[in-house]
K.L.:
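Would you mind keeping the following structure in view while I ask a few things?
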Amino acid sequence: MATTLHEFTQFVDPKTFPRVLQIQSGIYYQGCVYEMFGRECCLSTGDLLKIIDITITRFTAQSSSNTQIELPVEYPGLFKLVSDSQPYQSIQEIAVSLKISSHRLGQPVFLSCQDMELPQGFIRERDSFRITGVSHELGAGHVQCELLLREPKFCFSLSFSQQGHFIECEDDQFYTLKEVAEWKISKGRKRTVTEVKAPAKKDFFFSSLLENVSGELILTPVYELKAVTSLSEKFLLIPSNLDVEVVDVTEEFDCDSFVQPLSLPDVLKRPPEFFPVVAKLSSESHFKLSPELESLFHSKQVIVHHAFYTKRILASEMCRESTRHFLIPESYNGRFKRRPRQFPTAYDLERARSETEQIRVVATRDFESVYSGLASVHAGDEFIVTKGKSCAVSRNGIEKTADNFECLKVTEKSHGTEVKEPVCLPMCLEGGFMELVRDKRQYTIAEICRWFPLPFNVKVSVRDLSLKVDVLAGLPGLHIEEEISDPCLLVSNLDLSEFREMPVNRTDLILNVKQHWAGESPTCSGLSAIEEISEDCYYTLRRYAVATVTPPPRPPKKPKHPPPRPPKMLTSRSESANSENSSCSPKTLCVEPFKQDDFMQCSDSKNGNDKKIPSSPVTLPKPTLQKALAKGRSLDDISIENNQDDDNDVHDYEYIDEDQLDNIRRVYQEQPINMGVKGKPSNTI
């Protein structure tokens, strides 16, 4: 039965690709060439097309005012998803409609609208669960799930036949349109989003698309089919809204009779029974290969044995100028020595707590604590962070961090023995801690990732002798940041003399699959090289890791009556000058530090009136200050009123902008200040 190309894209399952289509009503115009959105298509009645893949190239966005805008997936803005209010009636509908995988973006969260009794336990109504994987079996299937907001961790499985009402939960993550197209579009449904970050103004083309649009946007995807003909090796890109009719004739034709040009991501998506295959480099590939892969493709034909995921360690050069970034394989045979780490705050120090060793640090900055029960820090103080887990706690399934943590302060007695005193440090403490490294052992990259919490600082002490050039050996230091899972293909030449791991996401190649290889695939892995990646690739890899880090706690509220600071001691020269009642010169002038409740006497030269100005007026927000002064209210009333409002908040924050700060400075500079010994006015400065 003939259907339109648009209807075919709406109901086809990408897991069943490749599919063979026959054109029923073609397009005849100037040599059977039809151009739409820059794509040239030559479609005649009776032509056969093998559909390899289907992708979303753009969205039709409809605003609340019924305005329609075409948005390409390359649009650089960020969007927040609006949860779909239409429930799913079964687990099978979820598995068929959504893309589910081990990737973080491919794990949707749903709310159960009814109780479910399972062999593994009982799921209550309004419980939310995350789908972490899917398994397809003959005649059946199931999804692996993890129940949220319940301790201890509870995992279970749901079969495709499980009926119920499952509603998509609210998602607080921000996504690009490309991520929405790849992971968050349900088959047969539209997606509603709101823009949370617009593109930069300098990017005029993109910034003007949604310039006058606000509120929710309903996205309708526009698909593009990737196909090949029986006579050409080139890809044919066909928009889904092309006005042609097609018939699915996959069962009547042999898919292997077509040339199969595949990109590396296409090869990665193939099922295990697709491998191993013989392929050659397509004539459309005009990309520069790495020296390792260039020698492998010298014969133009390779064997692709299987697809797999391998671990890579993301590291950056410790350099103040131009920083280089690397992906290090686990097979790297070099040895590393530790380098001291820097911890700007006590929060960073607590997150580095390890179960394998104590961390010994020295403070490089002073920090005076005004919090009850929390210690102050002076430059040169040594602390020991004991072994153990991070003090982050889970409350109702949400990970939070305590306001302070306990460690040991190291002091010395007169005879040189160390004394360790337990102290509590606030997480907001900015001590500029520097690690004291006394470990001289040499580690492999695998030992570092297994024994120490990342990030971690090292330096290559013994280079990898199996490499002709070890680019890591000449670096002053390496900042090891995290482990990533990297999709790769195991490829070899035809005589099986050389094997290589070919990264999928960073190798832009097109392979023409020739035939299935009848030999036995090796069980060993291939050689993998150290990759130096670009800045864009680095931040793409780091984006999701940074998003999962628990944010630091808010600093606790400052006490209303902080302990008074000790008065500054006067020098002998100042004391002698004051005893003689002499005028204070700038060198001998000494002023006591202002306390929280102190006020400065400021004389008004015009009317002779004295005004009292609080010593810390910066705590007043600018709009409040301007409105109050306009009504003729005093600064004392404003400060008292502000303090009453702040008492309702658990944490203490004081906001000030540059304009307000300049205004306060101007007030002090314009008015003369009488300063001298108490009770004895000095010369006006």
Side-chain angles (χ1 to χ4, degrees), residues 313-326 328 336-369 374-392 401-410 420 423-443 445 447-449 451-461 472 474-483 535 538-539 541-542 545-546 548-553 555:
I313 292 87
L314 182 63
S316 299
E317 179 187 10
M318 296 173 59
C319 181
R320 294 184 178 180
E321 299 176 356
S322 58
T323 303
R324 301 160 66 189
H325 308 286
F326 303 92
I328 308 173
F336 298 91
K337 281 189 176 181
R338 299 177 57 172
R339 292 287 303 274
R341 290 171 286 179
Q342 294 181 348
F343 307 99
T345 66
Y347 169 73
D348 302 295
L349 186 60
E350 193 277 332
R351 285 195 66 88
R353 188 194 297 264
S354 170
E355 294 184 339
T356 58
E357 66 164 1
Q358 295 180 344
I359 303 177
R360 195 181 187 102
V361 296
V362 59
T364 61
R365 285 202 298 266
D366 294 337
F367 182 89
E368 184 176 353
S369 174
L374 302 182
S376 298
V377 172
H378 301 286
D381 288 349
E382 288 189 23
F383 297 90
I384 296 177
V385 181
T386 57
K387 297 179 183 180
K389 294 183 179 180
S390 173
C391 66
T401 309
D403 291 334
N404 59 80
F405 82 103
E406 186 175 344
C407 62
L408 300 177
K409 183 177 180 180
V410 180
K420 302 174 183 179
V423 294
C424 283
L425 300 180
M427 290 289 193
C428 61
L429 186 149
E430 297 180 359
F433 301 98
M434 174 68 73
E435 184 180 18
L436 300 175
V437 178
R438 300 177 180 178
D439 185 5
K440 303 300 182 182
R441 181 179 172 181
Q442 301 184 70
Y443 298 91
I445 191 71
E447 290 172 340
I448 291 173
C449 296
W451 293 344
F452 302 104
L454 301 182
F456 202 73
N457 293 345
V458 295
K459 176 180 173 58
V460 175
S461 57
L472 304 181
L475 301 180
L478 273 177
H479 183 62
I480 300 179
E481 302 186 37
E482 65 164 327
E483 293 181 277
E535 198 85 3
Y538 167 77
Y539 285 110
L541 294 172
R542 287 290 296 161
V546 174
T548 58
V549 173
T550 306

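Predicted model only: the values in this text are computed from it and were never measured. For this chain, numbers begin at 1 and follow the sequence in order.
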K.L.:
For Arg365, what residues pass the side-chain hydrogen bond (donor to acceptor under 3.5 Å, both in side chains) criterion, not counting sequence neighbours?
P.N.:
none
K.L.:
Find the distance between CD (Glu481) and CG (Asn457) and round it off to the nearest 0.5 Å.
P.N.:
10.0 Å
K.L.:
Is there side-chain contact between Val458 and Tyr443, with at least one heavy-atom pair below 4.5 Å?
P.N.:
no
K.L.:
Working to the nearest 0.5 Å, report the span between CZ of Phe367 and CG of Leu374.
P.N.:
9.0 Å
K.L.:
What's the spacing between Ile359 CD1 and Leu436 CG if we round to 0.5 Å?
P.N.:
11.5 Å
K.L.:
List in chain and number order the residues that pass side-chain hydrogen bond (donor to acceptor under 3.5 Å, both in side chains) with Gln342, two or more places apart in sequence or in another chain; answer none if no residue qualifies.
P.N.:
none
K.L.:
Taking only residues two or more places apart in sequence, or in another chain, which ones meet His325 in a side-chain hydrogen bond (donor to acceptor under 3.5 Å, both in side chains)?
P.N.:
Ser316, Glu535
K.L.:
Could you tell me the separation between the CG atom of Asp439 and the CZ atom of Arg360, rounded to the nearest 0.5 Å?
P.N.:
14.0 Å
K.L.:
Could you walk me through whether Arg324 and Leu475 satisfy the side chain to side chain contact (heavy atoms under 4.5 Å, CB included) test, starting with their C-alpha distance in whole Å, then the side-chain angles of each, then the deciding distance to 0.1 Å, before giving a yes or no?
P.N.:
CA-CA 10 Å; Arg324 301 160 66 189; Leu475 301 180; 3.7 Å; yes
K.L.:
Kindly compute the distance separating NZ (Lys459) from CG (Leu472), expressed to the nearest 0.5 Å.
P.N.:
11.0 Å
K.L.:
Please tell me if the side chains of Phe383 and Val377 come closer than 4.5 Å, counting only heavy atoms from C-beta onward.
P.N.:
yes
K.L.:
Please find the pair of heavy atoms, one from Pro426 and one from Ala346, that lie closest to each other, and give the distance.
P.N.:
O-CB, 3.3 Å
K.L.:
For Asp348, give me all partners under side-chain hydrogen bond (donor to acceptor under 3.5 Å, both in side chains), at least two apart in sequence or on another chain.
P.N.:
Thr345
K.L.:
Taking the side chain as everything from C-beta on, heavy atoms only, tell me whether Cys449 gets closer than 4.5 Å to Glu482.
P.N.:
no
K.L.:
Please enumerate all residues that pass ring pair (Phe, Tyr, Trp, His ring centres under 6.0 Å) together with Phe343, with sequence neighbours excluded.
P.N.:
none
K.L.:
Go through the steps for Ile328 and Leu478 under the test side chain to side chain contact (heavy atoms under 4.5 Å, CB included), then give the verdict.
P.N.:
CA-CA 11 Å; Ile328 308 173; Leu478 273 177; 4.2 Å; yes
K.L.:
About how many Å separate NZ of Lys409 and CD1 of Ile384, when rounded to the nearest 0.5 Å?
P.N.:
13.0 Å
K.L.:
Suppose we screen for salt bridge (charged side-chain N to carboxylate O under 4.0 Å, His left out). Which residues come up paired with Glu435, at least two apart in sequence or across chains?
P.N.:
Arg338, Arg341
K.L.:
Give me the atom names and distance for the closest heavy-atom approach of Leu425 to Cys407.
P.N.:
CD1-SG, 3.7 Å
